[in-house]
A.B. asks: 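Pasting a structure below so you can have a look.
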Amino acid sequence: MNSSRRKLQVTAILIVLLLSAAFSFAAETPQKYPPTIVFMTDFGVVDDSVAICRGVMYDVMPNVRIVDLTHEVTPYSILDGARFLFGATPYFPARTVFVVVVDPGVGSTRKAIVARSKRGQLFVLPDNGLLTLVEQRDGIDSVREITNTGWMIGKKLSSTFHGRDIFSPVGAHLARGDDWSTVGPEVAVKDLVRLDIKRAQLGEHGLTATVIATDGPYGNLVTNVDADDFLKLGYERGQEVPVKIGDKELKVKFVKTFSDVAIGEPLMYIDSRGHLALGVNQRNFAEIYGVKPPAALEIPRAK
């Protein structure tokens, strides 16, 4: 009997020791994947601005992972910033923090905000329309104005470098898991500044949408039309599609890729981001047809 009791006691002690070691290891082991900040600006990479902002983020949270979306947004182009966010956000998980500094109104009365999308992503940026396209697709759950000076840097904030002094440290605090409700007071979602971009809409007679950008040096037209919405119009590859862009009306063949039409011929295709696009094989669509975004887009249903 005594031998059995001793065995049970030894077994219990071993279990306790093993559990203690396991909990201790779990507490000391860092999480497998570090929090992620996606960083986008129109700063360019000629000077030290981007590196300084990254340094601020690392100072708040040394193990944060920073992904540079781009720092070559067309200077002052809120529309370009909005469309890059629109294109990139589906590829990042919930809880990703996006720090965006395309801020022609820096130092003015425009608000600095944190917004949370209905996909659970956080956006730290100026309230100037950058969220327009993301809101149209994903929805915005809630917004707060950044007023907590404890989350900023410097005794006296610069009136021209809020990327360093406000947006970078706030993004790092959020990535660290700090309580976002302490960043500042709530702002009504309805009061957000929005760009004048017509949301893609399917109606009885067809689709209305917007050409939101051109694709770099190639001049292809980038639209806010998802592939699924376009395909609901009933067109099949190889068909000519009547389209109105601004006040220009033309017919464009819907194909899979550029080589499906002759050099110099226009085409309509689904781009790598899953949106409807228009181009000219080995030519510049925007230059040839005189299109400057944003431009209204109309496509009727297939007959």
Side-chain angles (χ1 to χ4, degrees), residues 34-62 64-92 96-117 121-135 140 143-146 151-154 157-176 183 192-195 197 212-217 222 273 293-294:
T36 300
I37 292 174
V38 179
F39 188 30
M40 178 174 71
T41 74
D42 61 353
F43 293 165
V45 292
V46 173
D47 67 7
D48 56 1
S49 298
V50 171
I52 288 172
C53 290
R54 290 170 63 94
V56 169
M57 297 178 202
Y58 286 130
D59 186 54
V60 175
M61 189 181 186
V64 71
R65 175 172 53 185
I66 302 174
V67 177
D68 292 296
L69 179 53
T70 180
H71 298 292
E72 301 293 341
V73 175
T74 303
Y76 317 116
S77 178
I78 297 167
L79 177 57
D80 264 4
R83 66 108 169 181
F84 286 135
L85 272 184
F86 179 68
T89 48
Y91 299 96
F92 289 89
T96 300
V97 178
F98 291 82
V99 175
V100 184
V101 191
V102 181
D103 194 14
V106 63
S108 69
T109 57
R110 69 94 183 94
K111 291 182 175 70
I113 61 169
V114 177
R116 184 173 61 196
S117 76
Q121 296 171 330
L122 291 167
F123 299 85
V124 185
L125 33 61
D127 179 23
N128 59 10
L130 284 165
L131 278 175
T132 301
L133 295 169
V134 169
E135 182 189 19
I140 297 298
V143 182
R144 288 186 176 272
E145 182 178 4
I146 302 170
W151 283 25
M152 304 177 193
I153 68 166
L157 298 176
S158 165
S159 59
T160 59
F161 201 178
H162 288 183
R164 175 195 64 192
D165 297 343
I166 299 177
F167 299 118
S168 292
V170 168
H173 277 281
L174 293 172
R176 193 170 69 179
V183 75
L192 282 173
V193 174
R194 294 170 176 85
L195 300 176
I197 297 175
I212 59 174
T214 58
D215 183 12
V222 180
R273 306 296 196 275

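Side-chain atoms are counted along with the backbone in the values below, which use heavy atoms only and exclude waters and symmetry mates.
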A.B. asks: Nearest 0.5 Å please: distance from the CZ atom of Phe84 over to the CZ atom of Arg273.
C.D. replies: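 Spacing of CZ (Phe84) from CZ (Arg273) equals 8.5 Å.
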
A.B. asks: Looking at every heavy atom in both Asn128 and Pro104, which two are closest together, and how far apart are they?
C.D. replies: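 So the minimum-distance heavy-atom pair works out to ND2-CD, 4.2 Å.
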
A.B. asks: A side-chain contact here means heavy atoms from C-beta on lying under 4.5 Å apart; do Phe39 and Val50 qualify?
C.D. replies: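 A side-chain contact under 4.5 Å exists here.
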
A.B. asks: Using side-chain heavy atoms (C-beta onward) and a distance below 4.5 Å, is Leu125 in contact with Ile113?
C.D. replies: yes

A.B. asks: With side chain to side chain contact (heavy atoms under 4.5 Å, CB included) as the criterion, how do Lys111 and Val193 come out once you've worked through the C-alpha distance, each side chain's angles and the decisive distance to 0.1 Å?
C.D. replies: CA-CA 10 Å; Lys111 291 182 175 70; Val193 174; over 6 Å; no

A.B. asks: Go through Arg110 and His162 one step at a time and tell me if the side chain to side chain contact (heavy atoms under 4.5 Å, CB included) criterion holds.
C.D. replies: CA-CA 12 Å; Arg110 69 94 183 94; His162 288 183; 3.0 Å; yes

A.B. asks: Is any side-chain heavy atom of Trp151 closer than 4.5 Å to one of Leu174?
C.D. replies: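 Yes - at least one pair of side-chain heavy atoms lies under 4.5 Å apart.
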
A.B. asks: Please lay out, stage by stage, how Arg65 and Thr36 fare under the test side-chain hydrogen bond (donor to acceptor under 3.5 Å, both in side chains).
C.D. replies: CA-CA 5 Å; Arg65 175 172 53 185; Thr36 300; 2.9 Å; yes

A.B. asks: Rounded to the nearest 0.5 Å, what separation is found between the OG1 atom of Thr89 and the CG atom of Leu131?
C.D. replies: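 Those atoms lie 9.5 Å apart.
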
A.B. asks: For Val73 and Gly81, work out which heavy atoms get closest and say how close.
C.D. replies: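 The answer is CG1-N, 3.8 Å.
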
A.B. asks: Are side-chain heavy atoms of Pro294 and Leu79 found at a separation under 4.5 Å?
C.D. replies: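 In short, these two side chains touch, coming nearer than 4.5 Å.
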
A.B. asks: Which distance, rounded to the nearest 0.5 Å, do you find between the CG of Leu133 and the CG of Leu85?
C.D. replies: 9.0 Å

A.B. asks: Are the side chains of Leu122 and Val124 in touch, meaning some heavy atoms are under 4.5 Å apart?
C.D. replies: no

A.B. asks: Between Gly129 and Ala82, which heavy-atom pair has the shortest distance, and what is it?
C.D. replies: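 Looking at all heavy atoms of both residues, the shortest contact is O-CB, 4.1 Å.
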
A.B. asks: Phe167 vs Cys53, test: side chain to side chain contact (heavy atoms under 4.5 Å, CB included). Steps then yes/no.
C.D. replies: CA-CA 9 Å; Phe167 299 118; Cys53 290; over 6 Å; no

A.B. asks: In terms of ring plane angle, is the pair Phe123 and Phe98 parallel, tilted or perpendicular, where the classes change at 30° and 60°?
C.D. replies: parallel

A.B. asks: Under the 3.5 angstrom rule, does the side chain of Thr70 hit a backbone N or O of Met40 as a donor-acceptor pair?
C.D. replies: no

A.B. asks: Quick one, Asp80 and Val102 - any side-chain contact, counting heavy atoms below 4.5 Å?
C.D. replies: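 Not in contact.
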
A.B. asks: Measure across Arg83 and Ala213 and return the closest heavy-atom pair with its distance rounded to 0.1 Å.
C.D. replies: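 For Arg83 versus Ala213, the nearest heavy atoms are NE-CB, 3.3 Å.
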
A.B. asks: Count the heavy atoms of every other residue, nucleotide or ligand shown that sit under 6.0 Å from OH of Tyr76, and state whether that count exceeds 12.
C.D. replies: no

A.B. asks: Minimum heavy-atom separation for Gly171 to Val99, with atom names?
C.D. replies: CA-CG2, 3.8 Å

A.B. asks: Any chance you could measure Ile78, atom CD1, to Leu195, atom CG, to the nearest 0.5 Å?
C.D. replies: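 Ile78 CD1 to Leu195 CG: 6.5 Å, rounded to 0.5 Å.
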
A.B. asks: Let me know which of Asp59, Asp68, Asp48 forms a salt bridge (Lys or Arg N to Asp or Glu O under 4.0 Å) with Arg54.
C.D. replies: Asp68

A.B. asks: Judged by atom type as modelled, is there a donor-acceptor pair below 3.5 Å linking the side chain of Arg176 to the main-chain atoms of Val64?
C.D. replies: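 Pair absent, no side-chain N/O of Arg176 close to backbone of Val64.
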
A.B. asks: Are Thr74 and Asp42 close enough that some pair of their side-chain heavy atoms sits under 4.5 Å apart?
C.D. replies: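 When only atoms from C-beta onward are counted, Asp42 and Thr74 do not touch, as no gap falls below 4.5 Å.
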
A.B. asks: Supply the atom-to-atom distance Ile140 CD1 to Gln121 CD, rounded to the nearest 0.5 angstrom.
C.D. replies: 9.5 Å

A.B. asks: Supply the atom-to-atom distance Leu69 CG to Ile37 CD1, rounded to the nearest 0.5 angstrom.
C.D. replies: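 Spacing of CG (Leu69) from CD1 (Ile37) equals 13.5 Å.
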
A.B. asks: In sequence, state the C-alpha distance, the side-chain angles, and the governing distance for Asp127 and Glu145, and then conclude on side chain to side chain contact (heavy atoms under 4.5 Å, CB included).
C.D. replies: CA-CA 9 Å; Asp127 179 23; Glu145 182 178 4; over 6 Å; no

